[in-house]
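Encoded as structure tokens, the structure appears first; notes follow it.
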Amino acid sequence: MDQRSFIEKRPHLKDFIEFLDVLNKESERGAALISLAMIDGLLEKTILAFLIDDKESKRLLEGFNAPLGNLSTRASAAFSLGLISEKEFRECTRLRKVRNEFAHSVHQKFSDQCVRDICATLEFSIRDEPDKKVEPRSQFSTAAISLILNLTNRPAYVAKKRIVYHEWPY
């Protein structure tokens, strides 16, 4: 089955497939930045799918100085609202730390000790085999892809539990 017919049959995976195409062509720094941008966007969609469908909810996540306008606060909010698991939250936090290393240093590499140490703690990553050591970039990529796959359909599931406004007694 070619990619086009695959996407036609599974339109919910279109963004994911496009992300994989871009990720495979990226530099180390680019891979870290775009992976977490994808996770950030999925968390935003998930939270918006849960909150009351109103412009005030969107203001929490979008625009200048939005209280939930960055990856860290979105991950915390999604976990606190029960929209992601504790394991997903921990993995997001570790991946975010790797992204921050790349965001704050143009010369950062996956082979640098600080990044290697974080990648070694990733729970969703591929593991070493007895005869093959997994490199930090592969640990990062597999963990990020796994988390992204977990979150890809989450907005659709969460929307079924969307909160609605109702009057509260005095």
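Please read all numbers here as calculations on a predicted model, not as lab measurements. Positions are given from 1 along the sequence.
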| query | Counting only N and O atoms by type, is there a donor-acceptor contact under 3.5 Å from the side chain of R154 to the main-chain atoms of L83? | reply | yes
| Can you tell me how far the CD1 atom of I148 sits from the CZ atom of F124, to the nearest 0.5 Å? | 11.5 Å
| request: Please answer: with hydrophobic residues joined when any side-chain heavy atoms are less than 4.5 Å apart, are L13 and Y157 in the same cluster? | output: no
| Closest heavy-atom contact between L43 and A78? | CD2-CB, 4.0 Å
| query | With distance as the sole test, does R99 use its side chain to make a donor-acceptor pair with the main-chain N or O of A32 at under 3.5 Å? | reply | no
| query | Do any N or O atoms from the side chain of Q139 and from the backbone of S125 form a donor-acceptor pair under 3.5 angstrom? | reply | no
| Are L81 and L60 in one and the same hydrophobic cluster, where Ile, Leu, Val, Met, Phe, Trp and Tyr link if side-chain heavy atoms are under 4.5 Å apart? | yes
| message | Show, in sequence, the C-alpha distance, side-chain angles and deciding distance for F110 and V98, and conclude whether the side-chain contact (heavy atoms from CB on, under 4.5 Å) test is met. | response | CA-CA 9 Å; F110 278 103; V98 172; 4.0 Å; yes
| query | Is a side-chain donor-acceptor pair under 3.5 Å present for N70 with T73? | reply | yes
| D117 side-chain N/O to C114 backbone N/O, donor-acceptor pair under 3.5 Å | no
| Can you tell me how far the CG atom of L151 sits from the CE atom of M38, to the nearest 0.5 Å? | 9.5 Å
| Distance, nearest 0.5 Å, that separates CD of E101 from NZ of K109 | 14.0 Å
| query | When rounded to the nearest 0.5 angstrom, what is the spacing between OG1 in T46 and CD1 in I84? | reply | 8.5 Å
| request: Begin with the C-alpha distance, continue with both residues' side-chain angles, and end with the deciding distance and a verdict on side-chain contact (heavy atoms from CB on, under 4.5 Å) for H166 and W168. | output: CA-CA 6 Å; H166 63 272; W168 293 95; 3.2 Å; yes
| message | Tell me whether R29 contacts the main-chain N or O of F102 through its side chain, where contact means a donor paired with an acceptor under 3.5 Å. | response | yes
| said: Can you tell whether the side chains of K45 and D15 come within less than 4.0 Å, N to carboxylate O? | reply: yes
| Intermediate values then yes/no, side-chain contact (heavy atoms from CB on, under 4.5 Å), R116 and E135 | CA-CA 8 Å; R116 290 180 74 85; E135 294 299 317; 4.2 Å; yes
| message | If I compare all heavy atoms of L42 with all of T152, which pair ends up nearest, and what's the gap? | response | CD2-CA, 4.1 Å
| Honestly curious: do V106 and I34 fall in one hydrophobic cluster under the side-chain, below-4.5 Å linking rule? | no
| message | Between R96 and S72, is there a side-chain heavy-atom distance shorter than 4.5 Å? | response | yes
| field | Cluster link F16 to L95, ILVMFWY, side chain under 4.5 Å | value | yes
| field | E62 vs L48 side-chain heavy atoms within contact, under 4.5 Å | value | yes
| Minimum heavy-atom distance E123-K87, with the two atoms named | OE1-CE, 3.5 Å
| said: Measuring only between side-chain heavy atoms, which start at C-beta, is E91 closer than 4.5 Å to N150? | reply: no
| message | Just verifying a value: how many Å separate S141 OG and E28 CD, rounded to the nearest 0.5 Å? | response | 9.5 Å
| Less than 4.5 Å apart, any side-chain heavy atom of F140 and any of I118? | no
| request: Measure from the side-chain N and O atoms of T93 to the backbone N and O of F89, and report whether any donor-acceptor pair falls under 3.5 Å. | output: yes
| Are the side chain of R74 and the backbone of L61 linked by a donor-acceptor contact shorter than 3.5 Å? | yes
| query | Taking NZ, NE, NH1 and NH2 as the nitrogens, is one of them in E86 or R90 under 4.0 Å from a carboxylate oxygen of the other? | reply | yes
| query | Does the S57 side chain pair with the main chain of D53, one donor and one acceptor, at a distance under 3.5 Å? | reply | no
| query | Is a side-chain donor or acceptor of N24 paired with a backbone partner of L20 at a separation under 3.5 angstrom? | reply | yes
| message | To the closest 0.5 Å, what do you measure between OG (S27) and CG (L33)? | response | 7.5 Å
| said: For residues L149 and L122: do they belong to one hydrophobic cluster (side chain heavy atoms under 4.5 Å, members Ile, Leu, Val, Met, Phe, Trp, Tyr)? | reply: yes
| said: Please determine whether salt bridge (charged side-chain N to carboxylate O under 4.0 Å, His left out) holds for the pair K14 and E18, giving the CA-CA distance in whole Å, both sets of side-chain angles, and the decisive distance to 0.1 Å. | reply: CA-CA 6 Å; K14 181 180 184 291; E18 290 173 356; 2.6 Å; yes
| query | Any donor-acceptor pair under 3.5 Å linking the side chain of R162 with the backbone of L51? | reply | yes
| request: I would like to know whether F79 and C92 meet side-chain contact (heavy atoms from CB on, under 4.5 Å); could you show each step before the answer? | output: CA-CA 10 Å; F79 173 67; C92 186; over 6 Å; no
| field | Taking every non-hydrogen atom, the tightest pair across L23 and R137 | value | O-NH2, 3.9 Å
